[in-house]
Every structure is written in C-alpha cells, then in structure tokens.
Amino acid sequence: MDRRRNYKIDLLKTLAMFMVIVEHMLIYTNLKENSVNNSNIYWALRCMCKMNVNLFIICSAVLLRNREFKFCRFIKIILYTVIISILSILCYLVIGDESIGKKDIIKSFFPVLSNSFWFITCYLGLYLLYPIINKFIDGFKGVKNQIIIALLIYFVLFMYPNCFLVNSIVNNGGRSIVWMIVLYICTNAIGNLKIKTIYLQIVFWGSFIILLFSTLALTEYGISNPFLSNESPLLLCMSISFFMILSKKHIDVCNNSIQRIFTILSSATLTVYLVHENICRDIIWNYVNDLSNYYSIIYFLIPIIIYFFGIIVSLLLNIITNPIMKTKSLHKLSDFIDSIYDEL
C-alpha cells in the first residue's frame with residue numbers, strides 16, 4: 001500500500017461531515033417551514049446530504065482495508081468523546097432552557113456505552129472488528145465472489161426487510177454497526193470493479209432522481225419515504241457511485257500549506273460531529289432558529305461556523321490528550337492489544 005496520504009479521501013471525509021451538518025440543519029431548524037415555496041430545493045438537499053454517513057464509512061472502509069490495527073486510535077476517540085460529552089452537559093447546565101436528570105449526567109460519563117452518540121458507538125465497534133472483517137473478505141477469492149457475498153448479505157439483512165416494509169431488528173434506518181459492517185464489505189467488493197465514469201454518473205443521478213421524486217410524491221400525502229435512509233438501495237448506489245466518481249478525479253496537492261489544511265479538515269471530522277450532536281443539538285439549532293428570524297443568511301453560515309468550531313476543539317483536544325496517550329501504562333496496554341490482533 002502507498003503510505004503517502006490520500007488527500008482525495010481527506011476531501012471526501014470533510015464533504016461527508018459537512019453534509020451531516022447540513023442535514024441536521026435541515027431537520028432540526030425551521031428551515032423547512034420557511035421553505036414552503038421552495039420545498040423541491042429543500043428535499044433535493046435532504047436527499048443529496050442523506051448519503052453523508054454512507055460516504056464517511058466508505059472512506060473509512062478504503063483506509064482501513066490495508067491499515068494496521070492500532071488500539072491507541074480507539075482509545076483516542078473514546079477520550080475525545082468522553083471529554084466533549086462531559087463539557088456538553090456542563091454547557092447545557094449553564095445555558096440550557098431545561099433541567100437535566102441524573103440519568104443524563106451519568107450517561108455523559110459513559111457516552112460510548114450509553115450510545116449517546118450513536119455514530120461513534122457504531123464506528124468504534126466497526127474499528128474493533130475491521131481486522132476480522134478483512135480476513136472474512138480475503139477468504140473469498142476473486143472480486144466476483146466478494147461481490148456475490150456482499151450483495152447476498154445486503155439483500156438478507158436490509159433489502160428484503162425494506163421491500164416488504166418489515167422492521168428488521170438490525171435495520172434501524174442504517175443507524176447500526178451491522179449496516180456499517182455490510183457497507184464495509186460492499187465497498188471493498190464493488191470498489192475493485194473497473195467501471196467507466198459515464199456509467200457511474202448514470203447510476204448516481206438515476207438513483208438521486210428516483211429518490212427525490214419518490215420523496216416528493218410521498219410527502220404530498222404525508223408519507224415518509226422508507227428509502228430515505230442509510231441502508232436503502234438508492235442511497236447505497238448513490239454513495240458508492242459518488243465515491244468512485246470522485247476517486248477517479250486527479251487531485252495533485254503539492255503545496256505544503258494546502259496539504260496541512262486538508263489534513264486538519266479531515267482529522268477534525270469526528271470532533272465536528274461530536275460538538276454539534278447529542279445534548280448540545282437543541283441549544284445550537286434553537287439559537288439558529290432565533291437568529292434566522294432576523295438574518296436568513298445564518299442558514300448558509302452555520303455549517304461553516306460549526307465546522308470551524310469543531311476544528312478548534314479538535315486541536316485543543318489533541319493538546320489535552322497527548323500527555324495521556326504518551327503514558328507508559330497506556331502504551332503497554334495498546335501494544336498488548338495490538339499483539340493479539342496481529343495473531344489473528
């Protein structure tokens with residue numbers, strides 16, 4: 001594997017997290033009510049940004065496919081999550097409109113186990129399992145066999161329940177570790193195919209148009225589109241084809257300053273998610289709603305502001321956690337866990 005940094009992946013991860021912010025803004029603010037005359041644009045943005053989680057996991061699947069397992073990375077994400085979770089509770093206690101129960105305070109100290117940030121909990125589970133998943137994929141020799149297995153797993157766990165509107169226990173709208181594992185397998189199987197860009201564009205735009213028009217039609221009757229979820233075949237096709245299209249683009253980043261910017265943007269993605277999710281979500285979006293009554297431009301600025309704030313928090317957390325990550329006991333634990341994975 002080429003050990004040079006893949007700046008296309010950095011760019012795609014940044015775009016995926018930016019889509020997360022935009023989708024949350026569309027859902028949790030009064031933008032929908034203010035866009036009655038432009039509902040088509042609103043739903044077009046919802047459908048386009050809905051591939052955010054899938055796109056992020058696809059990027060991770062490509063990076064982790066040949067990456068050596070490091071337990072210290074797992075610990076670092078947990079530290080970031082716990083610190084932000086506790087600070088979020090303290091922030092809410094100071095400026096929040098409602099009181100917080102003891103249960104919420106206790107959960108803030110165990111955000112991963114309590115699933116306070118569902119994406120982080122599932123992502124960490126995927127990270128612990130990816131070496132085993134890689135072994136599973138390697139067990140099926142040939143791209144065709146890998147694709148057959150990937151599609152079979154997808155059909156049984158997700159496509160079949162969706163087609164018959166069955167509430168699968170592993171479904172949960174694609175907000176589960178099971179979906180992340182299936183997407184990981186699908187990405188590394190289909191990603192090996194050599195497909196012309198024109199065909200990928202047809203798949204992407206075709207899936208997007210079907211998703212948009214079906215959503216608009218069902219919305220007219222007050223019905224939510226069951227395929228506007230992470231695990232739907234339309235979003236799966238959109239996400240993988242979009243990734244493959246941009247992966248074919250040549251991005252030559254020679255300037256050291258630009259390389260540094262790409263690295264910072266990509267490294268801050270999980271922190272950006274943490275700072276605007278969970279208990280702080282209500283504070284942020286209620287504040288945005290209040291400001292939007294006077295300044296409509298806030299809708300365009302808030303995703304940039306949140307991402308910039310997430311970068312600052314990420315840099316500060318890096319400074320705070322570095323001494324912890326350098327302790328001898330943590331290094332010994334990390335080396336021990338790494339050695340177990342090496343023997344798999």
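The structure displayed is predicted, hence computed values, not measured ones. Residues take their numbers from the sequence shown, with the count starting at 1.
- Within 6.0 Å of CZ in F309 there are 12 or fewer heavy atoms belonging to other residues, nucleotides or ligands.
- Residues V112 and I324 are members of one and the same hydrophobic cluster, defined by side-chain heavy-atom contacts under 4.5 angstrom among Ile, Leu, Val, Met, Phe, Trp and Tyr.
- Checked for salt-bridge contact, D338 and R73 miss the test: no charged N lies under 4.0 Å from a carboxylate O.
- Between Y123 and S60, some side-chain heavy-atom pair lies under the 4.5 Å cut-off.
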Could you walk me through whether Y184 and N134 pass the side chain to side chain donor-acceptor pair (under 3.5 Å) test, one step at a time?
CA-CA 9 Å; Y184 186 102; N134 286 341; 2.7 Å; yes
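- The closest side-chain heavy-atom distance from I223 to T219 is not below 4.5 Å.
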For a side chain to side chain donor-acceptor pair (under 3.5 Å) check, start with the C-alpha distance between N318 and K76, then their side-chain angles and the critical distance, and finish with the verdict.
CA-CA 9 Å; N318 190 51; K76 192 165 189 177; 2.9 Å; yes
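- Side-chain contact between L235 and F208: absent, with no pair of heavy atoms (C-beta onward) separated by less than 4.5 Å.
- Using cut-offs of 30° and 60° for the angle between ring planes, the H24 and H276 rings count as tilted.
- Aromatic rings from F69 and Y127 are positioned such that their centres are separated by under 6.0 Å.
- By the 4.5 Å heavy-atom criterion applied to side chains, K13 and L265 are not counted as neighbours.
- Inter-residue side-chain proximity for L228 and C47 is flagged as met; some heavy-atom pair is nearer than 4.5 Å.
- Hydrophobic clustering places I198 together with W205 (ILVMFWY residues linked when any side-chain heavy atoms are closer than 4.5 Å, directly or through intermediates).
- Considering only heavy atoms from C-beta on, F119 comes within 4.5 Å of M180 through its side chain.
- A heavy-atom distance below 4.5 Å is not found between the side chains of T14 and F18.
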